[in-house]
Amino acid sequence: MFDRINKRRLKLLKKLIINTRINADLFHYIHNRFKILRLNRNHDTVIAHPTNGMIELSNQCNLHCIMCPREFQYGKEMDKGYMPLDRAKQIIDEMYPYLDSIGLTGLGETMLYPHLLEVVQYIKKKKKSIIITISTNAHLKDYKERIEPILPYLDNIQFSVDGGQDTYSTIRPGTSFEIIKENIRHTIHKGKNVTSMINFVAMKENYHDMTNIISFAHELGIKYVNFNCVSIASNPTAQRTYYDFFQSEEFIKAKEDVTAMRKRFPDMEITGPDYPENGEFRNCIFPWEYPYITWDGYYVPCCGKPFPKLLNFGNVFEKGVMSVLNSPEAQAFRRKWQQNTPPSYCHNCQLTKN
């Protein structure tokens, strides 16, 4: 999380340092950091304990967004459910001494998870300095009642807002922009110590709204906005030619408008949208960092295509986190990364040519 420092991450890093305690866990953490350096120097396919991780507490969702991987073949075929609380604690027990941050997010709506309060409390009890992030669409009917109890334990919250006033319900059928606006405003008011960011997935249907979202964030007092170009890797019927749009004149013009907004609001940090024109598999960080563990315990290669039936490296509930992270299958995947040879799993990713 902190390897690519920006203003938001620097703010969270300061919070981590302030809350760090000198104890046995700190010595385990430092030893693990040296191990990371040694393994990297030796170009080993084995990895040390991750310092950042992602736990998908649930892949259930209340919305049907048009670009979501859940809406295509792999998403429709995946098993759906909630991670048992004891299993979530099992993962945290193994990972926490080495963590800088943890993301409690995935293909589902995090706020639907029935044991979310218990999980964030458990993490902070284990190690107060761990930066906890959740992502939410902020569109549940009882969202305010759900968010308030967990705010004291959160450090970072990402609001998924993929359209402005007139576009939002097109991207997310059956939704109301006014509802998420009110819910986000409420969260910011109640969670004054939580860093808030808006994440926007840019595509043909909404790219023209990027500047509107910046103005929206500024109106609410949100200082961080991130834009991502949509990935089609999770849609097996999509054509790679879709990515040509991100090099079109109209999208380039929209990016220029975003640049102009950065100058207009210098107090805000606006990142993206960047399409990797010369992307390579070797530019992908996920074989090495931010391991994604699904609600049913599988370690999968990527957060953009987290379908265990398609590819997984083992189940952490059965074998433990580190055994699975360094399974022969996971190491073979990293070896392909070293050779810059993307596997078929990575078809249609922006960072591959296949």
Side-chain angles (χ1 to χ4, degrees), residues 54-72 75-76 78-85 88 103-123 132-201 205-206 209 212-213 215-217 219-222 224-226 294-296 306:
M54 299 174 67
I55 300 179
E56 180 188 76
L57 295 175
S58 174
N59 61 356
Q60 302 278 15
C61 193
N62 56 314
L63 302 182
H64 296 276
C65 306
I66 63 173
M67 71 295 188
C68 180
R70 301 174 79 259
E71 300 303 307
F72 307 114
K76 293 181 183 299
M78 71 180 179
D79 296 328
K80 299 180 180 67
Y82 300 96
M83 184 178 287
L85 179 57
L104 303 178
T105 186
L107 275 191
E109 167 52 48
T110 306
M111 296 301 298
L112 285 174
Y113 184 63
H115 309 296
L116 183 56
L117 178 59
E118 293 96 322
V119 168
V120 295
Q121 288 176 328
Y122 192 74
I123 293 170
I132 300 178
T133 295
I134 68 164
S135 295
T136 179
N137 59 49
H139 209 280
L140 296 168
K141 290 182 179 179
D142 57 348
Y143 171 83
K144 293 178 182 179
E145 290 75 16
R146 287 174 182 262
I147 194 68
E148 285 191 24
I150 69 169
L151 284 174
Y153 306 96
L154 292 184
D155 301 287
N156 190 39
I157 185 166
Q158 299 179 6
F159 298 106
S160 297
V161 186
D162 302 306
Q165 181 78 49
D166 299 325
T167 311
Y168 186 78
S169 60
T170 301
I171 307 300
R172 299 183 166 183
T175 61
S176 164
F177 188 78
E178 292 305 317
I179 289 177
I180 62 119
K181 182 177 181 179
E182 171 57 27
N183 285 342
I184 292 174
R185 192 190 302 276
H186 181 81
T187 305
I188 294 170
H189 175 69
K190 293 291 185 178
K192 297 187 183 300
N193 294 321
V194 182
T195 299
S196 298
M197 182 179 81
I198 287 181
N199 192 67
F200 180 104
V201 178
E205 292 83 356
N206 68 355
D209 253 347
N212 292 332
I213 290 300
S215 296
F216 171 68
E219 176 189 344
L220 294 180
I222 296 176
Y224 307 101
V225 179
N226 181 63
T294 63
W295 71 272
D296 45 359

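Reckoned from all heavy atoms, side chains included, excluding hydrogens, waters and symmetry mates.
- From I180, atom CD1 reaches atom NE2 of H139 across 7.0 Å, with rounding to the nearest 0.5 Å.
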Side chains of residues 116-123: which donor-acceptor pairs under 3.5 Å do they make with residues two or more places apart or in other chains?
| residue | atom | partner | partner atom | Å |
| --- | --- | --- | --- | --- |
| Q121 | NE2 | Y153 | OH | 3.2 |
| Y122 | OH | D93 | OD1 | 2.6 |
| Y122 | OH | D93 | OD2 | 3.2 |

Could you walk me through whether S58 and E109 pass the side-chain hydrogen bond (donor to acceptor under 3.5 Å, both in side chains) test, one step at a time? CA-CA 7 Å; S58 174; E109 167 52 48; over 6 Å; no
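- With a 4.5 Å cut-off on side-chain heavy atoms, N226 and M197 count as touching.
- I134 has its side chain out of reach of T105: every pair of non-hydrogen atoms, C-beta onward, lies at least 4.5 Å apart.
- Here the OG1-NZ distance, from T294 to K80, works out to 13.0 Å after rounding to the nearest 0.5 Å.
- Here the shortest heavy-atom pairing between I188 and S196 reads CG1-OG, 4.0 Å.
- A distance of 11.5 Å separates CG of L154 from CG of N193, quoted to the nearest 0.5 Å.
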Identify every side-chain donor-acceptor pair in residues 143-152 under 3.5 Å, counting partners at least two apart or on other chains, and give the distances.
| residue | atom | partner | partner atom | Å |
| --- | --- | --- | --- | --- |
| Y143 | OH | T187 | OG1 | 2.7 |
| K144 | NZ | E182 | OE2 | 3.0 |
| R146 | NE | D142 | OD1 | 2.9 |
| R146 | NE | D142 | OD2 | 3.1 |
| R146 | NH1 | M111 | O | 2.8 |
| E148 | OE2 | H186 | NE2 | 2.7 |

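- Side-chain contact between M83 and E56 is absent, with no heavy-atom pair separated by less than 4.5 Å.
- No donor-acceptor pair under 3.5 Å is formed between the side chain of N199 and the backbone N or O of Q158.
- Side-chain contact between S160 and R172: present, with at least one pair of heavy atoms (C-beta onward) separated by less than 4.5 Å.
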Please report the C-alpha distance between I184 and V161 in whole Å, then the side-chain angles of each, then the deciding distance to 0.1 Å, and finally whether the side-chain contact (heavy atoms from CB on, under 4.5 Å) criterion is met. CA-CA 10 Å; I184 292 174; V161 186; 3.9 Å; yes
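- Ring-plane geometry between F177 and Y168 is classed as perpendicular, the angle between the planes exceeding 60 degrees on a 0 to 90 degree scale with a lower cut at 30.
- Put simply, the side chain of N206 never gets that close to the backbone of G163: no donor and acceptor are under 3.5 Å apart.
- Note that the OG atom of S135 and the CZ atom of F159 stand 10.0 Å from one another [nearest 0.5 Å].
- Considering CG of L112 and SG of C61, their distance stands at 7.0 Å, rounded to 0.5 Å.
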Is there a side-chain contact (heavy atoms from CB on, under 4.5 Å) between T110 and T136? Walk through the geometry before answering. CA-CA 6 Å; T110 306; T136 179; 5.7 Å; no
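- The list of salt bridge (Lys or Arg N to Asp or Glu O under 4.0 Å) pairs with a residue in residues 183-201, not counting sequence neighbours, reads R185-E219.
- The CZ atom of F216 lies 9.0 Å from the CD atom of Q165; values are rounded to the nearest 0.5 Å.
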Under the criterion side-chain contact (heavy atoms from CB on, under 4.5 Å), I'd like the reasoning laid out for E205 against I171: C-alpha separation, chi angles, the key distance, then a yes or no. CA-CA 8 Å; E205 292 83 356; I171 307 300; 3.7 Å; yes
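- Proximity of a side-chain donor or acceptor of N59 to a complementary backbone N or O of G81 within less than 3.5 Å is detected.
- The minimum heavy-atom distance linking L57 with A88 is given by the pair CD2-CB, 4.3 Å.
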